[in-house]
Q: 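Quick one: structure below, then a few questions.
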Amino acid sequence: DAKTTQPNSMESNEEEPVHLPCNHSTISGTDYIHWYRQLPSQGPEYVIHGLTSNVNNRMASLAIAEDRKSSTLILHRATLRDAAVYYCILRDPNFGNEKLTFGTGTRLTIIP
Amino acid sequence: GAGVSQSPSNKVTEKGKDVELRCDPISGHTALYWYRQSLGQGLEFLIYFQGNSAPDKSGLPSDRFSAERTGGSVSTLTIQRTQQEDSAVYLCASSFGGQEREQFFGPGTRLTVL
């Protein structure tokens, strides 16, 4: 699987937008970009995924660079509940391997 | 509807004993996955089921680990002759399958081997 690089940690003030970056310079043309997050003492939960175009859902937005070598998860208005470890994961639909390969992720701290 | 459930939520065992961890996936999900997360470590893939078969067992760390899935539903992860390094949170996830499909995770079983 292609590798992703994320900052180890980030801080943000409550009720402000948060931009979580992910670099994936070796991404292949068929790799989807998935984001999961893990709240304290819980299992991971899906956040969003995309291929080329920017994506929005009720939880977040995903901005994908034109060359697809990087992406940014955007939380529009952070709340204390958004404090979690955020994982950026590449998945190849043609690879036939369904597992998620988690890196170290970004630990997001929200400051009240 | 109910999410993925796992039992027990906590398990304390003595070194050398066998343990069984259970996962009830979301109804209708054909794919089931086991992961584990050791203290301070990342999430590590163990095994993937599609229906009752396991096309990918590459993450099982040793032959002391095995898993089965029956009726395309419930799965059991068995660890024989537990060791202290097996202490971790064991997470189960399920999905409809396919690389675009999101995986839904259970709350995990925290295993402590004394």
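Sequence lines set the chain letters: A, B, ... in the order given, protein chains first and strands last, and positions in each chain run from 1. Quick caveat, the model's predicted, so the values are computed rather than measured.
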Q: Would B/Tyr33 and B/Val74 show up in the same hydrophobic cluster when neighbours are defined by side-chain heavy atoms closer than 4.5 Å?
A: no

Q: If I take atom CZ from residue A/Arg91 and atom CD from residue B/Gln103, how far apart are they, to the nearest 0.5 angstrom?
A: 5.0 Å

Q: Applying a strict under-4.5 Å side-chain criterion to I, L, V, M, F, W and Y, I'd like to know whether A/Leu90 and A/Val55 cluster together.
A: yes

Q: With a 4.5 angstrom heavy-atom cut-off, could you sort out which part of B/Leu91 is near chain A: side chain, backbone, both or neither?
A: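 The answer is the side chain of B/Leu91.
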
Q: Can you tell me if B/Leu39 has over 12 outside heavy atoms packed within less than 6.0 Å of its CG?
A: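 Not more than 12 within 6.0 Å, no.
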
Q: Could you tell me which of A/Gly43, A/Gly105, A/Pro44 has the largest number of non-hydrogen atom pairs under 4.5 Å with chain B?
A: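 Between A/Gly43, A/Gly105, A/Pro44, the count favours A/Pro44.
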
Q: Does B/Phe65 sit in a hydrophobic cluster with other residues, and if so which ones, taking ILVMFWY side chains as linked at heavy-atom separations under 4.5 Å, directly or through other members?
A: B/Val19, B/Leu21, B/Leu32, B/Trp34, B/Leu46, B/Ile47, B/Phe49, B/Leu60, B/Leu77, B/Ile79, B/Tyr90, B/Leu111, B/Val113

Q: Just how far is it from atom CZ of B/Arg101 to atom NE2 of A/His49, taken to the nearest 0.5 Å?
A: 9.5 Å

Q: With side chains defined as the heavy atoms from C-beta onward, is the minimum distance between A/Tyr87 and B/Leu43 less than 4.5 Å?
A: yes

Q: Check whether B/Phe104 gets within reach of chain A through its side chain, its backbone, both or neither, counting any heavy atom under 4.5 Å.
A: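 No part of B/Phe104 comes within 4.5 Å of chain A.
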
Q: Would you say CZ of A/Arg107 has more than 12 non-hydrogen atoms from neighbouring residues, nucleotides or ligands within 6.0 angstrom?
A: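 It does not: A/Arg107 CZ has 12 such atoms or fewer within range.
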
Q: Do B/Phe105 and A/Gln42 make a side-chain contact, defined as non-hydrogen atoms from C-beta onward lying under 4.5 Å apart?
A: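 Result no, sub-4.5 Å side-chain heavy-atom pair not found.
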
Q: Please answer whether the main-chain N or O of A/Leu100 pairs with a side-chain N or O of B/Tyr35 as donor and acceptor at a distance below 3.5 Å.
A: yes

Q: Under the salt bridge (charged side-chain N to carboxylate O under 4.0 Å, His left out) rule, collect the residues that match up with B/Arg64, sequence neighbours excluded.
A: B/Asp86

Q: If you take all heavy atoms of A/Lys99 and B/Phe45, which pair is closest and at what distance?
A: CB-CD1, 3.3 Å

Q: More than 12 non-hydrogen atoms from neighbouring residues, nucleotides or ligands closer than 6.0 Å to CD on B/Glu14, yes or no?
A: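 Check fails, neighbour count at 12 or below.
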
Q: With a 4.5 angstrom heavy-atom cut-off, is it the side chain or the backbone of B/Gln37 that approaches chain A, or both, or neither?
A: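 Side chain of B/Gln37 only, per the 4.5 Å heavy-atom cut-off to chain A.
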
